[in-house]
Amino acid sequence: MHLSELSLFSQGILVSAALVLFTSFVMLAQARIQPLIYAFAWQGALLSITTALVALVSGHTHLYISALLTFGLKALLIPWMLYRLTRRLHIQYDVEIVAHPSLTLLGGAVLVVFCYYVALPIAQLSTLVTRNTIAVSMATVLLGMLLMISRRTAVAQVIGFMSIENGLFFAAVASTYGMPMIVELGVAFDVLVAAVLFGVFFFQIRTSIDSLDVDRLNRLSERGE
Amino acid sequence: MADNLNGWLWAALQTLLFIGGAPLLAGWIKRLKCHLQNRAAPSLLQPYRDLAKLFAKDLVLAHDASWIFRVTPYVVFGAMLLAAAVVPLVAIPLPTAAIADVIVLVGFFALARFFQALAGMDIGTAFGGMGASREMTVASLAEPAMLMAIFTLTMTASTTNLSVAIQYILNAGLVLRPSFLFALLSLAMVAVAETGRIPIDNPATHLELTMLHEATVLEYGARHLALIDWAGMIKLMIYAVLISNIFLPWGIARHLTLPGLALGTVAVTAKLALLAVLLALWETVLAKMRLFRVPQFLGFAFVLSLLGILTHVILESAL
């Protein structure tokens, strides 16, 4: 079946999946903290739109709940918490120096190709509408990891971590129309708790090493002053 | 034969409309920007007056100017004229469609840019050389991104011919293609860089250390400057028409009938006017970026077009 023969909603799934991937790249390219949080919020919103569209096309009504949950948590609550944290830590206008920005982006593109290669046999076995987006969801996971690796500040790493979780949720929706509701609820609240704990950690890191640059944690010495 | 001649006549008319309308588009953008920035706006026809004034002036040439310096304005304008002839503006079935190839278009741009860089260095002033070097830096980064964005389109329509591609998109009807979204974004970023708009270059300033395009044409005056300025306006219009007619081709005339052509003209005018609003907003919201940030900007454009190709393969392959 060709793309033009799909219904508009199925095409919409593909477009919003592509946009989720796009926000991952925006996060990789964005060096400032606040726009990074906005990009993360957009990713959550797009993910919930994708989920809602999948629910509409496939007729799995429980996915609407997942979509609502995703929107509430990942597009509104967690970004708002992170935003408030950056305000309280006075780092909202910080610009991180990203080493080799263009190289990181190209590395991201290579990861997408890799994911396509890995997901190809899965996509060929699957019969779902969303089977082509499995590669995209895997790429979102790996791009989140790349974000964590390439950044040094704690806030950016946390956003990378949350984006990995976004990718995992997306993979579940794309490959099996979502996880069982109980698992999804559990994961959602885990992420929420993680966000709260990260906030506490930010303050701890900040008071102990005077910075949110986690590279400085490598320089621990046993000489007590 | 008569039919063929008729076609060429329409093609010539379309090209005239193209180069005649380019200053109007530039004036419209300038006017919008003035309104957005709370300044008194010049008339829509101001670019025409500027061009007329420049054409009427006496030519002054630098002592060290060689033939390259004198020939460049004509080469640049000629290249843009040919490029404008190739791009479908109002109608598709014109005899120029046979050469309406995107690679040819990129070639015309490269030719014009090459001569402009040569002319910048020809006089031997520091600014000319600096401007030429910067212009070539930006171009070498923008060109691959543009070609990749176009290849995305090419992979969908299986052709590099603009008319055939537009015809294909029209025939397919409303299809949401993720790859086109990326190609559109990438092409828009490249267009901003190539036409010297904010955030890459500021078209309204002559501040020595920040100018790119202006530095190479600093020594030009009178009709030479008029030709180069006009060519710049045509280039902006070409990019605007490319973006609006490839990604939103609806309204373009598919047959050479008078109502169709009239509708095509109205449609393309509306699309360009809207696009100009977006450009003016973009230029008002953003600030010019440092020169050393430009590779990152264009690198992102390149990655976007690469993503366009990847999403075409991943998401739009036969299911």
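The chains referred to below are lettered A, B, ... by the order of the sequence lines, with proteins before strands, and numbering in each begins at 1.
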Between A/Ala109 and B/Leu310, the two heavy atoms sitting closest are O-CD1, 3.8 Å
Discussion item. Would you say that B/Leu304 contacts A/Phe25 through its side chain, given a criterion of any heavy-atom pair below 4.5 Å between the two side chains?
Written reply: no
Rounded to the nearest 0.5 Å, the CG atom of A/Leu19 sits from the CZ atom of B/Phe182 at a distance of 6.0 Å
Note: vs chain B, highest number of non-hydrogen pairs under 4.5 angstrom among A/Val15, A/Leu120, A/Ile13 is A/Val15
Taken to the nearest 0.5 Å, the spacing of B/Thr311 OG1 from A/Asn132 CG works out to 11.0 Å
Closest non-hydrogen atoms of B/Leu176 and A/Gln11, given as atom of the first, atom of the second and distance, are N-OE1, 2.7 Å
Q: Show your reasoning for whether side chain to side chain contact (heavy atoms under 4.5 Å, CB included) applies to B/Leu181 and A/Phe22.
A: CA-CA 10 Å; B/Leu181 210 63; A/Phe22 172 62; over 6 Å; no
Task: Over 12 non-hydrogen atoms of neighbours within 6.0 angstrom of CZ in A/Phe71 - done: no
The reported gap from OG in A/Ser102 to CG in B/Leu298 (rounded to nearest 0.5 angstrom) is 9.5 Å
Does B/Phe114 have more than 12 heavy atoms from other residues, nucleotides or ligands lying within 6.0 Å of its CZ?
no
Cut-off 4.5 Å, heavy atoms of chain A, and the answer for B/Ile314 is both
Rounded to the nearest 0.5 angstrom, the CZ-CG distance for B/Phe302 and A/Leu105 is 11.0 Å
